[in-house]
Protein chains: 2
Amino acid sequence: MSREAPTFSPLYRQIKALILQALESGEWRPGQAIPSEQELAARFSVSQGTVRKAIDEMAAENLLVRKQGKGTYVASHNDPRALFRFLRLVPIDGDLSHPQSVPLDCWRAKAGQEASRMLGIELGAPIIIVRRLLKFATRPVVIDEIYLSGEIFHGLTSEVLQGWNGSLYSLFETRFGLRMIRAQERIRAVAADRNASEALKVAEGTPLLSVERVTYTYGDRPVEWRRGLYSTAEHFYLNELN
Amino acid sequence: MSREAPTFSPLYRQIKALILQALESGEWRPGQAIPSEQELAARFSVSQGTVRKAIDEMAAENLLVRKQGKGTYVASHNDPRALFRFLRLVPIDGDLSHPQSVPLDCWRAKAGQEASRMLGIELGAPIIIVRRLLKFATRPVVIDEIYLSGEIFHGLTSEVLQGWNGSLYSLFETRFGLRMIRAQERIRAVAADRNASEALKVAEGTPLLSVERVTYTYGDRPVEWRRGLYSTAEHFYLNELN
DNA sequence: TAGTGGTCTAGACCACGAC
DNA sequence: TCGTGGTCTAGACCACTAT
């Protein structure tokens, strides 16, 4: 294991990159356990402590989940704990109910300027657009327009969406092998237009949160761009600053 | 060093608590270096590795800052890098300019229901209310109303605010010895009322972000509650989801 | 050159979960 | 009882900063 990388990178980071690579290649699937620290140490010819430090960082990044006495697992969006990782919307009256995703529409198009820039694909490349509603206890709260690369999400149709009973990201993970790692949201305040007011059942002109999200998979590759309008009549966007 | 705490807590966490305590007591002041890992290890009669793990966690929590070859320093809001830690507002046109805080008003009052709940003080306890404007390059972008416990911020006046040339939190830190550790923000969309429209120079009814923030010091003690209205005409609220 | 944090190792023991 | 991750130690060496 060379330590003389062009810009010096400690051994544990090289190990981290190797584990990441195995993860990316699908050697271990979401929800499954990865080999024990001892096994990995032997495989990479380093000490257990070095593997541990690599895994520590990956656990901090929500890529892996440690379970004492059992093993280390590949994080999965199927895990119910992952549900609110990217959804920062909370009912004002503490009532933390399960959101429900209602697909409204799904069609194919060609990437415009914005979509191509956000998704890092060519202008005119095939994309898929999904419109969906997010409900908390029968009440519509978010209307989303989601832009996906047609290449990656080949085979995504209304039927697939209808038939899925969970979060979108868990669908992406199981159906397309795409793991969402991190996201960036840009939030502004806008007035509800006709469409939004009908979908969210609020008066036209009602102030709404406009939330633009770009979601990244391994290697900081953007794979999803979505524009959401959030009704904050009975919910707020909760953010922890550390 | 007992390891048989009621609910088991590893040694490095006990060390962390001790360091935290020294920090809180003011033994080392913001911006100053704390003793070397070896010295702390000797002082607490543990190995350097154990101290290191404690410090690692505190560095991850932005309480300490490590500088290789030099030492470990107490984090400070005077550090320019801390400026955008709690301010997630970014110009739409990349132009990352320095915000300027303009105090408008500062008066004494008694805590109402909301303020007393948010600040964890008694109903009717003395509080100080600050109104201030945040400008980016002469343009007003945020109007804030800030609620502070009169006990803690005894001596805070308009004059003190006027005479300070930096962030509020850096004032709090140097003048009142209060270190802001973490915060929680609740964001909603609202329409600009008369006051806000005048302060932010937008039309009445313009959608604005309403950002309510509770800020905590050591021991998760809430010490500041603020309500801000953000104009998102030329800025957006940026949030990283990990 | 001296002192600091950063990395790496090897081994011992503890806590937890499953069998 | 066994295997896993979690903690703790002690020592060696590397990288950065200052003098």
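Reminder, nothing fancy here: chain letters follow the sequence lines and each chain counts from 1.
- Ring geometry, A/H77 versus A/Y169: the interplanar angle exceeds 60°, so the pair is classed perpendicular (tilted spans 30 to 60°).
- By the 6.0 Å contact criterion, CD on A/E61 is enclosed, its count of non-hydrogen atoms from other residues, nucleotides or ligands being greater than 12.
- The residue among A/P10 and B/S36 whose nearest nucleotide of DNA chain C is located toward the 5' end is B/S36.
- Under the 4.0 Å criterion applied to side-chain N and carboxylate O atoms, A/E27 and A/R43 are assigned as salt-bridge partners.
- Between A/F236 and B/E212 the shortest side-chain heavy-atom distance does not fall below 4.5 Å.
- Counting to the nearest Å, the P atom of D/dG6 and the CD atom of A/E37 are 6 Å from each other.
- In this structure, the nucleotide among D/dT9, C/dT4, C/dC8 sitting nearest to the side chain of A/Y12 is C/dC8.
- Across residues 53-71 of chain B, B/R66, B/K67, B/Q68, B/G69, B/K70, B/G71 each have a non-hydrogen atom less than 4.0 Å from an atom of DNA chain C (numbered order).
- Both A/Q48 and A/V51 lie close to DNA chain C; mapped to their nearest nucleotides by heavy-atom distance, the more 5′-ward contact belongs to A/V51.
- The separation between B/F8 atom CZ and C/dC14 atom C1' is 7 Å, rounded to whole Å.
- Computed from coordinates, the B/L11 CG to C/dC14 C1' distance equals 13 Å when rounded to whole Å.
- No more than 12 heavy atoms of other residues, nucleotides or ligands shown are found within 6.0 angstrom of CD on B/E151.
- Look at B/T72 and you'll find a side-chain N or O under 4.0 angstrom from OP1 or OP2 of C/dG5.
- You'll find the side chain of A/E24 stays beyond 4.5 Å of the side chain of A/Q21, heavy atoms only.
- Among C/dT9, C/dT4, C/dT7, the nucleotide with an atom closest to any side-chain atom of A/V46 is C/dT9.
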